[in-house]
There are 2 protein chains.
Amino acid sequence: MTDSPVFLSESESAALVDDDLALAAAREAFLATADGSTFPVVIGHSSLPHTRFTLKSGSAGDLVGVKIGSFWPDNTALPRHSSTIVLLDPATGRLRAVVEAAAANAYRTAAADALAVATLARPDARTLTVIGTGHQALHEVRAVSRVRPIDRVLVVGRRADAARAFAAQVTAVTGLPADPADARTGVTAADVLVTATTAREPLFDAAWVRPGTHISAMGADGPGKQELPTEIHGSAKLFCDLPDQSRAIGEFQHAPGAVPVALGAVLTGASEGRTSPEDTTVFDSSGFALQDLTLAAALLHRAALAGDTE
Amino acid sequence: MTDSPVFLSESESAALVDDDLALAAAREAFLATADGSTFPVVIGHSSLPHTRFTLKSGSAGDLVGVKIGSFWPDNTALPRHSSTIVLLDPATGRLRAVVEAAAANAYRTAAADALAVATLARPDARTLTVIGTGHQALHEVRAVSRVRPIDRVLVVGRRADAARAFAAQVTAVTGLPADPADARTGVTAADVLVTATTAREPLFDAAWVRPGTHISAMGADGPGKQELPTEIHGSAKLFCDLPDQSRAIGEFQHAPGAVPVALGAVLTGASEGRTSPEDTTVFDSSGFALQDLTLAAALLHRAALAGDTE
């Protein structure tokens, strides 16, 4: 690394990212949650108040920086979400690198949920049900199906045509059989259930969940958002990325008494994860800066190996 | 401007910046405070807790973005302060530009204080006293001496040798006669008084200030910082950049009852400034994101004119 800042463009980072890189970066980020720092999240907007940008900053080891996420709902030619990760030089505080990471951000978010599945789901989990049929949902299916012997995917969507089209996409991308299902059928059959929606109320009935199921919920990342029935909090073992943040803006804002365990603590062995095949486990992901910093560092490392920078 | 983000390096922005550019950018920023938005300031650190970075974000007109300021106290070869300004594309939310601006940031901060002098000081102000002998203090003297017919500079410092050396530097840079002075002499003689220190207690006695003096205080930008005697709040007309921020982390944190007027409101004519040659006016600067966004835009504009980018 020279003294000049390194810049990775969107097309460069999109070409470098893959599920392996994202999963390794996620593992590093969750392991760092115990010692690292994350700072308050800022939610801002442009002169058009319906746009949104978020600033998530943190530090761990030799990483320090900020992820600027943006959501421009009027975008048509470009994705509505984008992401820029800025790393500072830990030795001097000067700019070290800027990584455009709109495409990579979807891998990063899916990797966190896949890491939770790898850590908490039953080893023999075979049926994956996904609620949601958007761009992120496809990333979630692909990432999760790599960490368990998934042999069937069920797709729950609000619109039957979208669910059918998404199931066909899943098969095209993963080779797995995939079928649309109603919510009750999908939830009841699931060994692993992933929710990837922008819902503001529960997507299913807690009574439909079989003991032993693992649930990764990625949608709730702001006030008022909710994907899971609150009854599940009493019957399941609860995990998340950052407990304080999850209670403030994640799924557990709807469970004031919940004491979710940090996934990082399970990874280090400081806390227990699943202890029985009958446990229902819930992981709530609201997203934290260290995921972005480790992702950027991994992309920069791969770029340097490829000779694309320096 | 193409679709690819523009990057201005530290050496490029340092070569492009000057007092005129900074003053025009400051004026634009203060005029935008009424309609623009600023979002909560984040204060973070690297794994070394004595480092500090701040995130100041905002939007106004077609500008939206964040300034990452850093303070790495152990730096020796490099300045301890640095600054990176990130602009998003207002149409898409994608990265538009990254401007390294460590050197430019000192111009930007001095320009705000000079703008206050240009707006609030007596037109015939001739004696400028500066308290503080650091890098920023020299920028303040240079910027302020351009907006009033200053013909004498007095320098107040904690160490006599530093004050002497600084006075010599002032003369070398501005051509103005400059002399060290004790605090009482300097404050009493001042038509314009600039404080540019990291003080945590008042630097002078309010009784020393002659009626008609203008004071620009730039040092207080965090809890516990203070440069002015609290008695001045009762006898002077009070102005600042952002009233809420100034009461939270600026000079007026020590004046809970103070109702400072936004300088932007004086510039637009919405509020009165000085109304008599006998008024004592105080301007407190704690710094806000729109200053950084307009500075970055001005640097990018000048770079484009110079053919350095695109």
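Both backbone and side-chain heavy atoms feed into the values below; hydrogens, waters and symmetry mates do not.
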ask   = Checking heavy atoms, do the side chain of I43(B), its backbone, both or neither come under 4.5 Å from chain A?
value =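 For I43(B), backbone heavy atoms alone lie under 4.5 Å from chain A.
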
request  = Measure V41(B) against the heavy atoms of chain A and call it side chain, backbone, both or neither at under 4.5 Å.
outcome  = neither

ask   = With a 6.0 Å cut-off on ring centres, are Y107(B) and H139(B) close enough?
value = yes

request  = Answer yes if the ring centres of F39(A) and F288(A) are under 6.0 angstrom apart, and no otherwise.
outcome  = no

Against chain A, work out which of [options] has the most heavy-atom pairs shorter than 4.5 Å and name it.
options	answer
T92(B), V98(B), N75(B), V42(B)	T92(B)
A91(B), S57(B), A77(B), S59(B)	S59(B)
S83(B), S70(B), S46(B)	S46(B)

inquiry  = For a quick check under 3.5 Å, do E28(A) and T294(A) share a side-chain donor-acceptor pair by atom type?
reply    =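 No donor-acceptor contact under 3.5 Å links the two side chains.
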
task = Scan side-chain atoms only and decide if E100(B) and S13(B) contain a donor-acceptor pair under the 3.5 Å cut-off.
result = no

task = Considering only heavy atoms and a distance below 4.5 Å, find which of S9(A), G65(A), G61(A) pairs most often with chain B.
result =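 Winner by heavy-atom pair count: G61(A).
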
key: Heavy-atom pairs under 4.5 Å with chain B, option from V66(A), T51(A), T38(A), D35(A) with the top count   =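 Answer, by heavy-atom pair count under 4.5 Å with chain B: V66(A).
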
task = Go through H50(B) and D74(B) one step at a time and tell me if the side chain to side chain donor-acceptor pair (under 3.5 Å) criterion holds.
result = CA-CA 9 Å; H50(B) 68 290; D74(B) 299 340; 2.8 Å; yes

inquiry  = Can you confirm whether R27(A) is buried at CZ, in the sense that more than 12 heavy atoms of other residues, nucleotides or ligands lie under 6.0 Å from that atom?
reply    = no

